[in-house]
**Student:** 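Would you mind keeping the following structure in view while I ask a few things?
Numbers here simply count residues along the sequence, with the first being 1.
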Amino acid sequence: MRVKRRIWVTAAVVAAAVTGVLVFEGVTGTGGVPGTADAAPGPARTEVHHDPLKVSGDGATASLRRERTEPFSMLGITWTDPAARVGGTVEVRTRSLPDGDWSAWLPVDTEVDGRTEAGRTGARGTTEPRWVGLSDGVEVRVSAGKGTSTGLPEGLRLDMVDPGKPAGAAPIAYSVDEPSETPSEPAGPPSDEPTTPEPDGATTPPATESGTDPTDDPSPSTDPATDPGTSTPTTPPSESPSPTAEPTATLPPPLPSTAPKPPIVTRADWNADESLNDEAPEYMDTVKAVFVHHTAQTNAYSCADSAAIVRGLHAYHVQSNGWKDLGYNFVVDKCGTIFEGRKGGADRAVTGAHTYGFNRETAGIAVIGMYTDTAAATPATTAVARIAAWKLGQYGVSPSATTTLTAGADGGNYAGRKFTAGTAYPFSTVSGHRDGFNTQCPGTSLYGQLPTIRGYAAGPVAGLAVKSVTGAVLSGTKYHTKADITVGWSATTPAVFVAKYELLVDGKSVASTTGSASSARTTLTAGTHTVQVRATHRSGRTSVSAAATVVADRTAPAFSTKPELSLRTGTVNTTAVPLTLRWKAADAVQLRDVRLTAPVSRTYGPTTTSASHTAKSGVATSWKMTAYDPAGNGGAASVTGTPVILQESSAKRTGTWSAKSSSSYLGGRSYTSGTKNASLTWTFTGRSVAWVVSRASTSGQAYVYVDGVKAATVDLRSSATAYRQAIWTKSWAASARHTVKVVVVGTKGRPTLTTDGLVCLK
């Protein structure tokens, strides 16, 4: 049968055999940062539950299966000898307490060196802790790996961390079945390795002495390495925490920094359980470098869980690894929140336990997540750079420089470099864990981001570029404006590292803004100018963008040739008489375009000086044009014209002409003649004229006389019949009185021509 029980996520069993619901102090592993729902004064009670692994007879594999455990959110594997390593693989899967689902098999990193905090009695070998979220079931499988002669280290155990909740957090209820004395199969998928059912772990009473650590006790009453189901609880949340160590008379005051101090969530704010460790912090004289790490082995966490993850790291480092405190000096989550790590004062040179052999004169910064293949988000890298700049700035160290560190132990790094204790080696002042130890940490992707982090921290501002010039028009490679512009810029360096931006015109600062600004406004005098942006990094280093050329121009273009109209050849209709519009415009700097705004809208390029149009006959039409330069200055001009159709019947005739009727002719009529020297003469007042005819393959030729002078011989012949064709035109500079006479040539074999009148432009 199955029964139900009532327990607290952050405590041991408080009531047994109670049917109904399972009540928790909130969801383990959420919040703890001021402003979140569970932020509360006082420490959060943390617990670490220990369960030994079952090792195979040949010592090559080990396993554990627990269908029911006390709730936990973080886990890791530890063993007795801190110098020993697991050469193979460690994998776990867990059951989610809220939904009962089992996770996939998850790898656990085995590259941690248990000797990181050198000289600690009771220190254990350890894997990297892994955040798995609120869980109540677990399965573990460990392999020594092929070719490993020594097998697995002794004393293998699973450590499950409940990071607790701050005092006063509201309970959240879950209904969970409790297995009876004969456990049933787990809800998740079956294991692919045989396991032996073991009894559920039961927690021991809370320690009676604050800070008691079973791993440090030479003769503990219960050995977590051999006794299944033991746990290391802490004092209740009602007990006041031990405050972070304050400076004493023997310690100098915290040093000012050349970089601003970023916001840091203090140990009190992430509800550190200070009863875990009551040892005084150890201080150094200087910090010459920072080592960047990654931790918790998952990116699939909510930043609301970050405080709980930090509490879990704290408990794991102390109660599982046997260290005096959280190993890192600072912890950063993927949202860019910075947490104070090892106690002793974030603004002090506190000795941490983060990089084996190089904990002295360094600080450790861990980014929560796994960055082997995934790049850290900008908020996280920005936060790492801010911490590095501030901490190194306290000791006059540039984040882009190199320094020397003396190895505290023999060892080697990921690239195969060997270290000898007592020997000094060069390091970048912002280095990755792998630079000082043989580990992939901080992951290939995050390690590849270290140059960017150094650049953020040390300056100058990178990627600075003018992105826009509002109030100006880009023409080719130059911007053109009348006077007022707003210059926009961008930079790849986050704004928190920028002290100020300045707008430079011809090398002189004309406007200054804050580091969070991205634009500035100025007024330019007439002429050509170079415009740049100068950025000042918090370090004092400056950078200047590439120059943009901006031309300030207040003079409008002018029409050197005013717009003028003339008749052109083409098909004539009473509603569409063919016209040519001509003009010529120029600008002192650069002509952008010329725009026709009436009677129709057209835009012409700066080199265009004419265009074909049509106009309605008998109607005075105004043609309006404006020439523009790139700055937007405009100069206007216009011309008005009236096309007038003069019917052939209005002409003076000589010789023989016959009238013809058809809807294809202008006005429905035309004159035709094949008599040599027959003529038609029109008299009109205008500035342009066009003779209109009908054409066919049998059409003949005509002489055209203007004001008594022969002007042209026109052949009307056409392979295709066409009506109302303006076949010949002539224009004058001004309107005047003129005569046009058309004479039949009498061309042999095709003497006939048909005229459809004359068009003049007034």
Side-chain angles (χ1 to χ4, degrees), residues 28-29 47-56 60-79 85-112 114 124-145 152-153 155-163 183 185-198 200-201 224-225 228-229 231 294-301 305 308-309 312-313 315-317 319-321 368-370 372 440:
T28 299
E47 290 184 352
V48 179
H49 308 287
H50 312 296
D51 234 332
L53 271 60
K54 182 178 180 180
V55 180
S56 62
T61 62
S63 61
L64 174 69
R65 182 183 180 88
R66 285 284 180 260
E67 297 178 30
R68 281 288 183 269
T69 67
E70 296 296 327
F72 65 95
S73 295
M74 180 178 283
L75 57 74
I77 308 298
T78 66
W79 49 89
R85 301 287 293 272
V86 173
T89 59
V90 177
E91 295 178 296
V92 300
R93 68 185 190 117
T94 58
R95 182 174 55 201
S96 168
L97 192 153
D99 57 31
D101 292 336
W102 284 83
S103 71
W105 282 103
L106 307 171
V108 179
D109 187 6
T110 61
E111 294 183 318
V112 180
R124 293 176 61 82
T126 177
T127 66
E128 182 78 34
R130 179 154 195 148
W131 180 260
V132 293
L134 185 58
S135 305
D136 69 345
V138 65
E139 188 169 0
V140 181
R141 60 189 185 190
V142 181
S143 171
L152 294 172
L156 285 168
R157 78 182 187 203
L158 169 67
D159 285 22
M160 296 166 285
V161 182
D162 174 6
E185 289 299 313
S191 170
D192 56 6
E193 292 186 6
T195 57
T196 302
E198 299 184 44
D200 285 348
S231 65
H294 66 176
T295 190
Q297 289 198 261
T298 180
N299 298 319
Y301 65 92
D305 287 339
I309 294 174
L313 291 172
Y316 188 81
H317 284 185
Q319 296 176 273
S320 297
N321 297 6
I368 300 173
M370 192 71 171
T372 301
Q440 292 189 37

**Student:** What pair of heavy atoms forms the shortest contact from Pro71 to Leu134, and how long is it?
**Tutor:**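 So the minimum-distance heavy-atom pair works out to CB-CD1, 4.1 Å.
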**Student:** State which residues pass side-chain hydrogen bond (donor to acceptor under 3.5 Å, both in side chains) with Thr126; sequence neighbours excluded, sorted by chain then number.
**Tutor:**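 Counting only residues at least two positions away or on another chain, Thr126 forms a side-chain hydrogen bond (donor to acceptor under 3.5 Å, both in side chains) with Tyr316, Asn321.
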**Student:** Between Thr127 and Val86, is any pair of side-chain heavy atoms under 4.5 Å apart?
**Tutor:** no
**Student:** Would you compute the distance between atom CE of Met160 and atom OG1 of Thr69 and round it to the nearest 0.5 angstrom?
**Tutor:**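 Reported to 0.5 Å precision, the distance equals 5.5 Å.
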**Student:** Measuring from atom CG of Leu53 to atom CD1 of Ile77, what distance do you get when rounded to the nearest 0.5 angstrom?
**Tutor:** 5.0 Å
**Student:** Are any of the side-chain heavy atoms of Glu139 and Trp105 separated by less than 4.5 Å?
**Tutor:**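 Answer yes - side chains close enough.
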**Student:** Return the minimal non-hydrogen interatomic distance between Ala308 and Pro163, and the atom names on each side.
**Tutor:**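 That closest heavy-atom pairing would be O-CB, 3.2 Å.
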**Student:** Using only atom types and a distance under 3.5 Å, with no angle test, would you say the side chain of Arg157 pairs donor to acceptor with the backbone of His50?
**Tutor:** no
**Student:** Do you know which two heavy atoms are closest between Leu156 and Ala62, and how far apart they sit?
**Tutor:**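 Where Leu156 meets Ala62 most closely, the heavy atoms are CD1-CB, 3.9 Å.
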**Student:** Drop me the distance from Glu91's CD to Ser143's OG, to the nearest 0.5 angstrom.
**Tutor:**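 Glu91 CD to Ser143 OG: 9.0 Å, rounded to 0.5 Å.
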**Student:** Report the distance from atom CZ of Arg124 to atom CH2 of Trp79, rounding to the nearest 0.5 Å.
**Tutor:** 9.5 Å
**Student:** State the CG-OG1 distance between Leu152 and Thr61, to the nearest 0.5 angstrom.
**Tutor:**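 Here the interatomic distance stands at 7.0 Å.
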**Student:** Compute whether any side-chain donor of one residue and acceptor of the other, for Arg141 and Ser63, lie under 3.5 angstrom apart.
**Tutor:** no
**Student:** Are any non-hydrogen side-chain atoms of Asp159 and Gln319 less than 4.5 angstrom apart?
**Tutor:**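 No. Closest side-chain heavy atoms not under 4.5 Å.
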**Student:** Shortest non-hydrogen contact from Pro129 to Thr295?
**Tutor:** CG-OG1, 4.4 Å
**Student:** Closest heavy-atom contact between Gly88 and Thr110?
**Tutor:** O-OG1, 4.3 Å
**Student:** Please identify each residue that fulfils ring pair (Phe, Tyr, Trp, His ring centres under 6.0 Å) with His294, with sequence neighbours left out.
**Tutor:** none
**Student:** Working to the nearest 0.5 Å, report the span between OG of Ser135 and CG of Asp101.
**Tutor:**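 If I round to the nearest 0.5 Å, the distance is 11.0 Å.
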**Student:** Can you confirm whether Leu313 sits close enough to Trp131 that some side-chain heavy atom of one is under 4.5 Å from a side-chain heavy atom of the other?
**Tutor:**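 With C-beta onward as the side chain, the pair stays apart.
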**Student:** Look only at the side chain of Arg66 and the backbone of Val140, and say whether a donor-acceptor pair between them is shorter than 3.5 Å.
**Tutor:** no
**Student:** Looking at Asn299 and Met370, would you say the former's side chain and the latter's main chain have a donor-acceptor pair under 3.5 Å?
**Tutor:**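 Side chain of Asn299 to backbone of Met370: a pair is present.
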